[in-house]
Participant: 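Quick one: this structure, given as structure tokens, is what I'll be asking you about.
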Amino acid sequence: TFAVRAERIGVHNFTSIDVGRVVGSGIIKSYMESKGVRLKVNLDEPDIEIYALVRDDELIIGVNTSGDSLHRRRYRIYNHPAALKTTLASVLVRLVGFDGRRDFLDPMCGGGTIVIEALHRVRHYPNILFRYDYGYRKLRLYDKYVEDYVAEELMHGIRVGNERAFCIDISPKHIEGAKLNALSGRVLDAVNFIIGDSTRSETFKEISHNVNYIALNPPYGMRFHNPKKIPQFYETFVKTIKEQFSGAYMALITGSSNAMEQALSKYDIKITRSFWVMHGGIRAKIYLVKL
Ligand SMILES: C[S@@+](CC[C@H](N)C(=O)[O-])C[C@H]1O[C@@H](n2cnc3c(N)ncnc32)[C@H](O)[C@@H]1O
């Protein structure tokens with residue numbers, strides 16, 4: 001069985017449903033001609049998933065080799081209500097340049113996604129440590145020997161050293177959840193958890209001054225917080241973090257970009273890089289700064 005997942009970007013006089021229908025009937029026709037078999041469509045649990053993307057005047061067709069989206073890493077057992085997508089967390093980690101030699105901090109860590117992604121990156125943890133289901137296994141080109149060989153190489157690549165991270169959140173419940181996620185993500189040994197308010201300098205007393213990499217996903221003020229309070233909240237946070245970790249690199253993602261830009265500029269923090277991304281239907285901006 002198969003399914004076509006169609007997407008469309010640009011202005012056209014047809015819909016993505018039309019794209020799916022036309023590509024689907026093309027596949028049935030061509031398979032019938034070459035194999036003499038009429039393929040069946042199964043939209044819920046297809047053996048093979050075909051992607052058809054119409055982007056302006058291009059049509060790109062591909063086979064889904066990953067199966068479920070790769071941002072579903074499967075280590076997350078505590079689901080924070082505003083959890084960051086693992087892939088975006090990984091972007092923040094890369095941007096800030098964490099290499100494990102100096103410490104890492106997420107001062108509003110929620111369920112710990114960014115800290116876990118940071119440690120996975122420096123330890124070279126492959127996804128296969130947590131996830132076993134991949135779409136390529138259903139394809140004819142799948143070769144178990146090749147897969148075992150690659151898996152072994154990846155497992156040999158793991159490097160566990162003295163890397164350390166700090167995970168702070170104001171909510172004891174989220175810190176408990178972050179501990180569960182770190183345990184399931186096999187990085188509990190490298191994380192120090194602190195319940196505290198990151199807009200207050202006392203919170204950072206227990207933290208080593210070896211922190212050189214900071215990444216966070218602060219509240220945007222859209223879901224649970226009062227949007228009117230966000231500018232003041234960002235300002236107090238930026239002031240405190242700069243006082244505590246002057247010279248450190250900080251990457252962050254927020255849907256309240258104006259408030260963040262004002263706070264950074266008030267404390268003379270220059271933006272090294274910034275770009276827009278979509279996060280759960282919200283347009284959000286990622287920033288890299290040096291404190
Ligand atoms: C958007 S969530 C972070 C989600 C996290 N990146 C994840 O993937 O699970 C923002 C977090 O900031 C925390 N927070 C809000 N105000 C804070 C403060 N003053 N100090 C520390 N944490 C705070 C909230 O409790 C919440 O967990």
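Atoms within a ligand are numbered from 1 in the order they appear, just like the ligands themselves. Not measured: the values here are computed from a predicted model.
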Participant: To the nearest 0.5 Å, tell me how far Met278 CE sits from Leu88 CG.
Facilitator: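 It comes to 11.0 Å.
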
Participant: Is it true that Phe166 and Phe193 have ring centroids separated by less than 6.0 Å?
Facilitator: no

Participant: Could you pull out, from Asp169, Thr86, Ile253, the option with a heavy atom nearest to atom 24 (C) of ligand 1?
Facilitator: Asp169

Participant: Hey, does the Lys NZ or Arg CZ of Lys290 hover above the aromatic six-ring of Tyr249, less than 6.0 Å from the centre and inside 45° of the axis?
Facilitator: yes

Participant: Looking at Asp133 and Arg72, is any side-chain nitrogen of the basic one under 4.0 Å from a carboxylate oxygen of the acidic one?
Facilitator: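 Not counted as a salt bridge, because no side-chain N and carboxylate O are separated by less than 4.0 Å.
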
Participant: As an exercise, state the distance from OG1 of Thr86 to CG of Asn127, rounded to the nearest 0.5 Å.
Facilitator: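 Interatomic distance, Thr86 OG1 to Asn127 CG, rounded to 0.5 Å: 8.0 Å.
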
Participant: Quick check: does His80 get an N/O under 3.5 Å from an N/O on ligand 1?
Facilitator: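 Yes - when backbone and side-chain N and O of His80 are compared with those of ligand 1, one distance drops under 3.5 Å.
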
Participant: Starting from the C-alpha separation in whole Å, work towards a yes-or-no answer on ring pair (Phe, Tyr, Trp, His ring centres under 6.0 Å) for Tyr213 and Phe104.
Facilitator: CA-CA 5 Å; Tyr213 308 102; Phe104 185 90; 7.3 Å; no

Participant: Taking NZ, NE, NH1 and NH2 as the nitrogens, is one of them in Glu176 or Lys179 under 4.0 Å from a carboxylate oxygen of the other?
Facilitator: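 So Glu176 pairs with Lys179 through a salt bridge.
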
Participant: Between Glu147 and Tyr142, is any side-chain donor less than 3.5 angstrom from a side-chain acceptor?
Facilitator: yes

Participant: Measuring centre to centre across the rings, with the benzene-like ring taken for any Trp, is Phe130 within less than 6.0 Å of His120?
Facilitator: yes

Participant: Nearest 0.5 Å please: distance from the NE2 atom of His124 over to the CG atom of Leu154.
Facilitator: 11.5 Å

Participant: Among residues at least two apart in sequence or on other chains, which ones pass ring-ring contact (aromatic ring centres under 6.0 Å, His included) with Phe237?
Facilitator: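 Here no residue qualifies.
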
Participant: What do we get for Cys109 next to ligand 1 when only non-hydrogen atoms under 4.0 Å count, side chain, backbone, both or neither?
Facilitator: backbone

Participant: For ligand 1, which atoms, with element, lie under 4.0 Å from some heavy atom of Leu84?
Facilitator: 6 (N), 7 (C), 8 (O)

Participant: Tell me which one of Thr236, Thr254, Thr113, Ile194 gets a heavy atom nearest to atom 8 (O) of ligand 1.
Facilitator: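 When every heavy atom of Thr236, Thr254, Thr113, Ile194 is considered, Thr113 comes closest to atom 8 (O) of ligand 1.
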
Participant: In ligand 1, which numbered atoms sit nearer than 4.0 Å to a non-hydrogen atom of Ala82?
Facilitator: 1 (C), 4 (C)

Participant: Quick one: does Gly196 get within less than 4.0 Å of ligand 1, heavy atoms only?
Facilitator: yes

Participant: Relative to the heavy atoms of Pro107, which atoms of ligand 1 are at a distance of less than 4.0 Å?
Facilitator: 21 (C), 22 (N)

Participant: For Ala83, take its heavy atoms, then give the atoms of ligand 1 lying under 4.0 Å from any of them.
Facilitator: 7 (C), 8 (O), 9 (O)

Participant: What are the atoms of ligand 1, with element, lying closer than 4.0 Å to any heavy atom of Asp197?
Facilitator: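 Checking each atom against Asp197, I get 18 (C), 19 (N), 20 (N).
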
Participant: For ligand 1, find out whether one of its N or O atoms is nearer than 3.5 Å to an N or O atom of Pro219.
Facilitator: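 Between Pro219 and ligand 1 (N or O atoms, distance only) the closest approach is not under 3.5 Å.
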
Participant: What part of Tyr220, side chain from CB on, backbone N/CA/C/O, both or neither, has a heavy atom under 4.0 Å from ligand 1?
Facilitator: neither

Participant: For ligand 1, is there an N or O atom under 3.5 Å from any N or O atom of Ser198?
Facilitator: yes

Participant: Answer with yes or no whether Phe237 contacts ligand 1, where contact means a heavy atom under 4.0 Å from a ligand atom.
Facilitator: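 No; Phe237 lies far enough from ligand 1 that no heavy-atom distance drops under 4.0 Å.
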
Participant: Does an N or O anywhere in Ile170 fall below 3.5 Å from an N or O of ligand 1?
Facilitator: yes

Participant: So if I count the atoms of ligand 1 from 1 in the order they appear, which ones are less than 4.0 Å from some heavy atom of Asn217?
Facilitator: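 Those atoms are 1 (C), 2 (S), 3 (C), 4 (C), 5 (C), 6 (N), 10 (C).
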
Participant: Which is it for Met108 and ligand 1 at heavy atoms under 4.0 Å: side chain, backbone, both or neither?
Facilitator: both

